[in-house]
Amino acid sequence: MADLVVSRAYVITMDGTRRVIPDGAVAIAAGRIVAVGSRAEIEATHPGAPSLDAAGKVMMPSLIDVHAHAGHGLIKTMGMEDGDHWERICGEVYTQASPPEFWYAEARLAAMERLRFGVTCGVSLLGGGDTIMRTDDPAYGAAHCEGAKDIGTRSVVAVGPTRAPHPRTYATRDAQDRAAPYPVSFERQMETCRTLIRDWHGRGTVNLALLYPVLRDEHETTMPAADYAEAVRQAKIVRAASREHGVLFTQDGHWRGSIRRAAALGLLGPDALLSHCIDIDRDEIALCAETATRIAHNPSAIASILGRCPAIELMEAGTVVAIGSDATAPDRSADMFRHIQQAMHYHRRHFCDPSVLPPGKALEMVTIDAAEALGMADTIGSLEVGKAADLILIDMQRPHLYPVNMEPFRVAYFANGNDVDTVLVGGEILLRDGRPVRTDMAGVLADAQREAERMIARIGAEDMLGLPDGFWGRARYPETRAEGDRP
């Protein structure tokens, strides 16, 4: 007998035939989906099972975010309009001013934001993803994993070394909360990553991924030759480790020839996920298709303003492309509906063609395609028998979602994260009536506020909390405005 039957919903399955069931139901047992079909059919074959009435709601697989950053949630917009100050804040915080309590509080805040928006699985890079990964000691990654696990959503935590040269200076905090700097080698960072994989990969809802910073043309031309050669050596070591441990390999910030370079280094493959991928060439599109490399497209990121990800051309070449939020900062949230809508407008404007990126394909890019990009399509991403019961109910009883017809269009074009009413992960109800079931949201918010205030005090960044010159009354910021997080 089923543990739970969710019925009377308009069901968008995302299965192989993209079946939709206007008056549908899903039966769940031991955290897995055991039946999907019409309400009459499911209720007849599972009589007496506990039920959840989903009348007036759309049921669909929960959403997946293939690229985001741990740590950013407590920094958000600080300093983003003042030169490169936002990036410098991230660098200082992630190496010098973030004890384990910071990572635990931020992980819970980010996971709660995802949960509230119906996002139950996401990639979270443990820091900036380039030169500021918090991998000097396993305590920081462990604190993040604990925080995500507490909320109950699935997390793919990407860890890795910083780009050569080493050593890099990190700092612990002493009993008086003072920084105690020390040098960190590449070998120490790799040992931290291996420890986190050993302790956390596959533990409950947490998985690990490995990362090495992207190597671009600028690095070969500007780095000392010995340092660049060392970076190449390190990249190959990290990629070999990802294959050894059977974890996803990801990189943040591909553009302008860097995919060719990654191919030459042997980094591509079906277990590789490359983020941003702006201004790449036709031969790089072909390389991704030939190697079955996956792409994380972040249409709302500043990188997608500075250049264009050819997501349409990549998909037409046969590459799996999924949408990432690049959240939470400096100017974007974890609301994947926002990024679905941004992606459609982004590519339609490029082609001057409103037929580009149909809404159904955009929905696939945050469900089944995203699951495929993470190597998890056998477990999540669609409502099918045997898969984990990760699903959401969207409350359609709202003016912006009426009238009640053409529901897949309504969801893709008009829904937002606050329309998510109910969330299940592995059959467990984590959100109901828009409120978390097992976690005290007020406590999560209070912890986040406390750790943010402590972090601001540590780095003396109180002056970064005001409104910058040009915020009001101008059509554009002054010339000193930040260009943002370049890939």
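Any value given below was found using the heavy atoms of this structure, including those in side chains, with hydrogens, waters and symmetry copies removed.
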Inset, instruction - Would you please test L248 and S242 for side chain to side chain contact (heavy atoms under 4.5 Å, CB included) and show each step? - result: CA-CA 6 Å; L248 184 75; S242 75; over 6 Å; no

Inset, instruction - Quick one: do H297 and Y346 satisfy ring-ring contact (aromatic ring centres under 6.0 Å, His included)? Show the steps, please. - result: CA-CA 11 Å; H297 172 38; Y346 182 80; 5.7 Å; yes

Inset, instruction - Quick one: do D271 and R239 satisfy salt bridge (charged side-chain N to carboxylate O under 4.0 Å, His left out)? Show the steps, please. - result: CA-CA 10 Å; D271 57 343; R239 187 62 171 111; 2.6 Å; yes

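For the residue pair D65 / S325, a side-chain donor-acceptor distance below 3.5 Å is found, with atom types taken as modelled. In this structure, a donor-acceptor pair under 3.5 Å is present between the side chains of D136 and Y182. Side-chain atoms of H166 and E230 include no donor-acceptor pair closer than 3.5 Å. A donor-acceptor contact closer than 3.5 angstrom is absent between the side chains of N207 and S155. For the 3.5 Å distance criterion, the side chains of K387 and S382 qualify, holding a donor opposite an acceptor. There is a side-chain donor-acceptor pair under 3.5 Å between S98 and R134. Under the 3.5 Å distance criterion, with hydrogens and angles disregarded, a donor-acceptor pair is assigned to the side chains of Y212 and Q234. Remark: the H345 side chain and the Q342 side chain contain no N/O donor-acceptor pair separated by less than 3.5 Å. Between Y104 and D150, the side chains place a donor N or O and an acceptor N or O closer than 3.5 Å (distance only, hydrogens not considered).
For the side chain to side chain contact (heavy atoms under 4.5 Å, CB included) with R294, the lone residue among L274, V320, V321 that qualifies is V320. Here the options are L273, L374, L210, the test is side chain to side chain contact (heavy atoms under 4.5 Å, CB included), and the partner is T250; only L273 passes.
Two rings, from H144 and W200, have their centers 6.0 Å or more apart.
Of the possible polar contacts, none joining the D199 side chain to the L196 backbone as a donor-acceptor pair under 3.5 Å is found. A side-chain donor-acceptor contact under 3.5 Å links T205 to the backbone of T153. Although no hydrogens or angles enter the test, the distance criterion places a donor-acceptor pair under 3.5 Å between the side chain of E106 and the main chain of G73.
Inter-residue side-chain proximity for S62 and M60 is flagged as unmet; no heavy-atom pair is nearer than 4.5 Å.
Judged as a side chain to side chain donor-acceptor pair (under 3.5 Å), and not counting sequence neighbours, the contacts of D217 are R261. Under the rule for a ring pair (Phe, Tyr, Trp, His ring centres under 6.0 Å), H339 has no partner lying at least two apart in sequence or in another chain.
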